[in-house]
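Notes to accompany the following structure.
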There are 2 protein chains.
Amino acid sequence: MNRTFDSGFASRHSLTRQRILDAAESLFAEKGFETTSLRMITAEAGVNLAAVNYHFRTKDALIDAVIARRIQPINQERLAMLAEAAGKAAGKPPELEDIVRAMIAPVLRFRQRDPELGRRVGLLFARSYADPNEMVRPVFLNHMQQIFRPFTEALRRALPSLPPAELLWRMHFGVGVMAHTLAGCDHLKVISGGLCDLSDVEAVIERMVNFICAGMRAPLVAQSSRYLENL
Amino acid sequence: MNRTFDSGFASRHSLTRQRILDAAESLFAEKGFETTSLRMITAEAGVNLAAVNYHFRTKDALIDAVIARRIQPINQERLAMLAEAAGKAAGKPPELEDIVRAMIAPVLRFRQRDPELGRRVGLLFARSYADPNEMVRPVFLNHMQQIFRPFTEALRRALPSLPPAELLWRMHFGVGVMAHTLAGCDHLKVISGGLCDLSDVEAVIERMVNFICAGMRAPLVAQSSRYLENL
DNA sequence: GTCTATATGGGGATAGAC
DNA sequence: GTCTATCCCCATATAGAC
């Protein structure tokens, strides 16, 4: 597994390696990890079947490399935007909208440079979260763990009156909005008759920020006794 | 494929058939459709491998039957709750909270009678939406299509000032909250240190209703020219 | 209706020549 | 680094005895 990240200069910059990563990313996004065979990947990449084994050793290590290549820069940008929001607030709690936007915008703005690539990456992440493969979800969640604490802490400061459990629930709901939008954008376009799509990226980001922040700020409700105990 | 629904009395009530459905449901929910082999299913069910072929003909038809068995009664209950909300409003637009609750509560209340079964069904639906199998998602979305129009119409009446495209986006976000909660409840319990779980079903329903309704009612924002054109 | 045995195909991984 | 050829395993589906 170390080979995935520690491979030497020659192989890391090998053209064959890049072609495999690109083909795998596209097929994984479109058809899922399990359904995509190494034979499909090498055919799409125009390389030999054995090249996968040479460059990545196993299919799992290839999956790992495909996910890491995209999520690492996106998470770095999320943290940079979060730091910017904290700087802008100058000691006060950061603006809620800025925090939520820092989480959402980097993954969606991929589409501005290359809409097709952005769509693929969105689907890739959605699949990484949902895939039944025993390795995929932990790998993905491990990357997410790196940004979980700073975002939780910023939200706690922005919403100080929210009980800790309630904050975590609402964060979970907010992630659901993002994940479902990345996973289901094509379907929404179909059922809306083309009315809703992701072509205007900034508008969609603001829609999501608006929806999520309203949910995060909702007044508490208390309808169950056990509900109160959990707060 | 017709056999799935039209099979005769004897086979529809066969014990073997039930055992296969139960085992398949459990394994599909836990490991996904592609990963689960017919051998795993028949081993778990304590029946012979060939019995699957006899009762369902193909694996795809079995998947179809597993999904349909659970989603049909849940969607019937959703429509019943929606009708009740409309009746309660007596000609006026139904209460937004009642509409959202009608969508969410039936799938979560499965857990009250049998928490394990409820968890399985939630995971099953989440997987049905996300699975790369070419047949699974259309089968699932086809069931959802049956309730899409009445819910859209009720929401339009409850939120008359919302432009049609904005309403569809917000419905999509709301479904994301529900889907992600069903798919990720185990993970949320882990990262929250056990603070958040689905054991108090009614409280979780009210949390979700509260979050989603706040998002649905959020004032419009307009930050992009193309955003305005779409409304 | 239920079993055993098997047909048929595809999967990941590898050995060893170049 | 890249190729051909192949090993070995497991999948779905089916034929045919009981």
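Chain naming here is simple, since letters A, B, ... match the order of the sequence lines and numbering starts at 1 in each. No hydrogens, no waters, no symmetry mates; every other heavy atom, side chains included, goes into these values.
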Nucleotide D:dA13, atom C1' - distance to CG of B:Asp60 in whole Å: 13 Å
B:Ile41 CD1 - D:dA13 P separation (whole Å): 11 Å
Short side-chain to backbone donor-acceptor contact, B:Arg127 and B:Phe28, under 3.5 Å: yes
Distance in angstrom units between A:Met135 CE and C:dG12 P, rounded: 13 Å
Among C:dT4, D:dA13, C:dT2, the one nearest B:Ser14 by side-chain distance: C:dT2
Test side chain to side chain donor-acceptor pair (under 3.5 Å) applied to B:Asp22 and B:Arg69, B:Arg17, B:Arg120, the passing residue: B:Arg69
Side chain B:Thr35, main chain B:Gly32, donor-acceptor under 3.5 Å: no
Tabulated below should be each protein N or O lying under 3.5 Å from an N or O of nucleotides 6-11 of chain C; please produce it.
{"from": "C:dG11", "atom 1": "OP1", "to": "A:Ser37", "atom 2": "OG", "distance (Å)": "3.1"}

Ion pair check, B:Glu166 and B:Arg170, cut-off under 4.0 Å: yes
Length of the line joining B:Ile20:CD1 and C:dG1:C1', which is rounded to integer Å: 11 Å
Just the atom pairs and distances: protein N or O near nucleotides 16-18 of chain D's N or O, under 3.5 Å.
none

Option from B:Arg119, B:Arg70, B:Lys31 for which salt bridge (Lys or Arg N to Asp or Glu O under 4.0 Å) with B:Glu25 holds: B:Arg70
Cationic N near anionic O, under 4.0 Å, B:Glu44 to B:Arg19: no
Lys/Arg N to Asp/Glu carboxylate O, B:Arg101 vs B:Asp98, below 4.0 Å: yes
Donor-acceptor under 3.5 Å (B:Lys59 side chain, B:Asn53 main chain): no
Atom-pair distance (CG on A:Leu62; P on C:dA13), nearest Å: 10 Å
Whole-Å gap separating P (D:dT2) and CZ (A:Arg17): 12 Å
Below 4.0 Å: OP1/OP2 of D:dT14 and any side-chain N or O of B:Asn53: yes
Whole angstrom value for the distance that separates C1' of D:dC10 from NZ of B:Lys31: 16 Å
Residue-phosphate contact under 4.0 Å: A:Thr16 side-chain N/O, D:dT2 OP1/OP2: yes
B:Phe125 and B:Tyr129, any side-chain heavy atoms less than 4.5 Å apart: no
Any A:Tyr54 side-chain N or O less than 4.0 Å from OP1/OP2 of D:dT2: no
